[in-house]
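Chain letters run A, B, ... following the sequence lines, proteins first and then strands; every chain starts at 1.
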Amino acid sequence: MTTHEQQGKAQQEAKLFFSRFLLEWYQGQKRDLPWRRHRNPYYIWISEIMLQQTRVDTVIPYFNRFIERFPTVESLADAPEEEVLKCWEGLGYYSRARNLQHAARQVKEQYGGQVPDDRDAVFGLKGVGPYTAGAILSIAFNRPEPAVDGNVMRVLSRYFLIEDDIAKGPTRVAMERLAAELIPEGEASHFNQALMELGALVCTPKSPRCLPCPVMEHCAARLAGCETSLPVKTKAKPPRPEERLAALVEGCGEHAGRVLIRQRPSSGLLARMWELPHWPAPPAEGGAAGALLPEAAALDRLRRSLRQAGIPARPAEHWMAAEHTFSHIVWTLQVYRCREEDVRALPLAAEGRTAYAAVLSPGAGDAGLPDAADSVSVEPFADGTGSPEDGGAVRWINREDMANYAFPNVFLKLLNHYFDEQDSNQVNG
DNA sequence: AAAACGGGGAA
DNA sequence: TTCCCAGTTTT
């Protein structure tokens with residue numbers, strides 16, 4: 001027997017050992033999760049989309065609320081998009097929610113409301129890529145398809161001592177091939193879940209619990225003592241900082257007790273979510289990066305941004321700072337309290353009426369007078385996305401109205417904080 | 001192939 | 001703090 005054949009045989013034994021003992025371990029250790037209580041392909045699908053880049057404990061309450069509100073593919077397909085986004089509020093990666101509803105409509109119209117069980121059909125659903133297609137096909141339909149995510153790549157890279165960069169596409173493809181070979185006959189559903197369960201409970205990124213691991217004795221990385229240095233993954237570049245000025249506009253007159261919110265454009269960052277209006281802060285004088293913008297300069301910039309956006313409000317004073325971290329950007333928001341200008345109570349200035357009308361019926365007519373000083377640099381959406389016709393709708397809301405609009409977490413916290421403050425001011429006089 | 005796209009929990 | 005996770009889509 002050649003050396004090559006001996007290695008191949010050892011490798012084969014390692015694979016069989018892995019599959020057998022992992023499956024056995026899973027029978028005893030699997031967690032009781034809401035989407036594991038039924039073999040409902042719709043539930044599996046929803047859970048898999050929610051679980052993308054999101055931990056189980058975070059997903060559970062969202063999953064329960066979601067299937068209560070949208071119990072079937074058809075109910076999801078027929079729902080208003082705002083309700084779907086509201087159900088997703090706080091989960092992040094909101095394109096997942098919008099793609100999911102798009103796909104629900106695909107399933108309703110193309111597959112009679114039944115989640116398809118063939119590879120091409122599943123893969124063709126919006127928001128379903130290589131991992132999720134494999135997960136749905138294997139977990140819901142027991143098809144022998146690999147479901148390889150970062151977790152599975154971590155387990156496999158350690159057990160088989162694979163030092164390829166898992167951030168590279170070809171590495172994932174190789175892992176899929178390997179994962180497919182490992183699936184025991186007729187056990188795709190349990191085995192794929194077992195692989196992910198092991199990654200979640202035992203073979204964790206930082207401090208793997210090797211002693212209770214069911215496959216430790218043949219784990220190549222463990223035997224080589226290098227389990228904590230795997231998998232190899234090129235690290236993402238750090239997010240870029242962005243200083244922004246936000247307006248918390250307090251209503252007057254018929255808007256008393258309410259604040260103004262604005263809807264984001266249909267594409268790009270936080271698409272179609274609601275927020276406090278905000279714009280990039282101009283660089284501070286003196287050039288020192290991160291230097292605080294003088295209050296007067298901030299108020300002036302905010303005044304012009306508000307006017308440019310057609311929002312009749314006067315910045316008053318700094319309220320608080322808030323930070324919001326995305327994977328690629330870090331926003332530092334300096335939030336200023338602003339006061340709505342009640343144009344009806346003012347002398348009849350034409351420009352004020354025009355701006356006010358623009359707020360009452362957004363998109364209808366010109367959004368305020370172009371101010372010579374403003375027309376140079378301030379965009380309606382300084383993210384560089386969208387257009388004045390897309391997004392930019394505004395509403396005056398109180399705390400109760402928040403239930404009708406989906407907000408990114410940072411604005412959810414700011415608004416709740418603000419209304420809490422208002423309530424305590426009421427009580428204390 | 002690289003960047004865009006949220007948020008929170010663990011170490 | 002830093003890392004990184006049950007990824008997909010767009011560029």
Taking the side chain of [X] as heavy atoms from C-beta outward, which of [options] is closest to it?
{"X": "Leu269(A)", "options": "dA6(C), dG7(C), dG6(B)", "value": "dG6(B)"}
{"X": "Lys237(A)", "options": "dC4(C), dA3(B), dC5(B)", "value": "dA3(B)"}
{"X": "His328(A)", "options": "dA4(B), dA6(C), dG6(B)", "value": "dA4(B)"}
{"X": "Pro408(A)", "options": "dG7(C), dG7(B), dA6(C)", "value": "dG7(B)"}
{"X": "Thr132(A)", "options": "dA4(B), dG7(C), dG6(B)", "value": "dG7(C)"}

Item checked: Under-4.0 Å side-chain N/O to phosphate OP1/OP2 contact, Lys233(A) with dC5(C) -> yes
Notebook entry, point to check: Closer than 4.0 Å, any side-chain N/O of Gln53(A) to the OP1 or OP2 of dG7(C)?
Noted result: yes
Note to self: Expressed as a whole number of angstroms, how long is the span from Trp331(A):CH2 to dA4(B):C1'?
What the structure shows: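 From Trp331(A) CH2 to dA4(B) C1': 13 Å.
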Notebook entry, point to check: Nearest-Å distance, CH2 (Trp88(A)) to P (dG6(B))?
Noted result: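 For the pair Trp88(A) CH2 and dG6(B) P, the rounded distance is 12 Å.
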Give me the ring orientation class for [X] and [Y]: parallel if the planes are under 30° apart, tilted from 30 to 60°, perpendicular past 60°.
{"X": "Phe191(A)", "Y": "Phe18(A)", "value": "perpendicular"}
{"X": "His190(A)", "Y": "Tyr26(A)", "value": "tilted"}
{"X": "Trp331(A)", "Y": "His324(A)", "value": "tilted"}

Next item on the list: Any pair with a residue in residues 210-244 of chain A that passes ring pair (Phe, Tyr, Trp, His ring centres under 6.0 Å), sequence neighbours left out, goes on the list, sorted by first then second residue, please.
Entry: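 Checked against ring pair (Phe, Tyr, Trp, His ring centres under 6.0 Å) - neighbours excluded - the pairs reaching residues 210-244 of chain A are Phe17(A)-His218(A).
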Notebook entry, point to check: Is there a salt bridge (Lys or Arg N to Asp or Glu O under 4.0 Å) between Lys86(A) and Glu81(A) once you walk through the steps?
Noted result: CA-CA 9 Å; Lys86(A) 187 65 186 176; Glu81(A) 189 195 71; over 6 Å; no
Next item on the list: Measure the spacing between CG of Leu223(A) and CE of Met216(A) and express it to the nearest 0.5 Å.
Entry: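 If I round to the nearest 0.5 Å, the distance is 8.5 Å.
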Next item on the list: Would you give the length of the straight line joining atom CZ of Arg303(A) to atom CG of Leu245(A), rounded to the nearest 0.5 angstrom?
Entry: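 CG of Leu245(A) is found 13.5 Å from CZ of Arg303(A).
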Margin query: If the test is ring-ring contact (aromatic ring centres under 6.0 Å, His included), which one of Phe66(A), Phe63(A), Tyr42(A) qualifies with Trp35(A)?
Written below: Phe63(A)
Next item on the list: With DNA chain C as reference, determine whether Ser327(A) or Ala133(A) sits nearer its 5' end, using the nearest nucleotide of each.
Entry: Ser327(A)
Note to self: Is it the case that dG7(C) (base atoms only) and Tyr131(A) (side chain only) share a donor and an acceptor within less than 3.5 Å, ignoring hydrogens and angles?
What the structure shows: no
Next item on the list: Please confirm whether the backbone N or O of Leu51(A) pairs with a side-chain atom of Arg55(A), one donor and one acceptor, at under 3.5 Å?
Entry: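 No.
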Filtered N/O pairs between nucleotides 9-11 of chain C and protein, under 3.5 Å:
{"unit_1": "dT9(C)", "atom_1": "OP1", "unit_2": "Gly127(A)", "atom_2": "N", "d": "2.4"}

Note to self: Among residues at least two apart in sequence or on other chains, which ones pass salt bridge (Lys or Arg N to Asp or Glu O under 4.0 Å) with Lys168(A)?
What the structure shows: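 Salt bridge (Lys or Arg N to Asp or Glu O under 4.0 Å) list for Lys168(A), sorted by chain: empty.
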Item checked: Contacts of Arg65(A) that satisfy salt bridge (Lys or Arg N to Asp or Glu O under 4.0 Å) - sequence neighbours left out ->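 In terms of salt bridge (Lys or Arg N to Asp or Glu O under 4.0 Å), with neighbours along the sequence ignored, Arg65(A) is linked to no residue.
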Notebook entry, point to check: How would you label the contact of Leu270(A) with the nucleic acid (heavy atoms, under 4.0 Å): base, sugar-phosphate, or nothing?
Noted result: sugar-phosphate
Item checked: Under the 3.5 Å Watson-Crick or G-U criterion, the dot-bracket string of DNA chain C, with | for inter-strand pairs -> |..||.|||||
Report, one pair per line, the protein and nucleotides 8-11 of chain B atoms (nitrogen or oxygen only) whose separation is under 3.5 Å.
{"unit_1": "dG8(B)", "atom_1": "OP1", "unit_2": "Asn409(A)", "atom_2": "ND2", "d": "2.2"}
{"unit_1": "dG8(B)", "atom_1": "OP2", "unit_2": "Asn409(A)", "atom_2": "ND2", "d": "3.3"}
{"unit_1": "dG8(B)", "atom_1": "N2", "unit_2": "Arg55(A)", "atom_2": "NH1", "d": "3.3"}

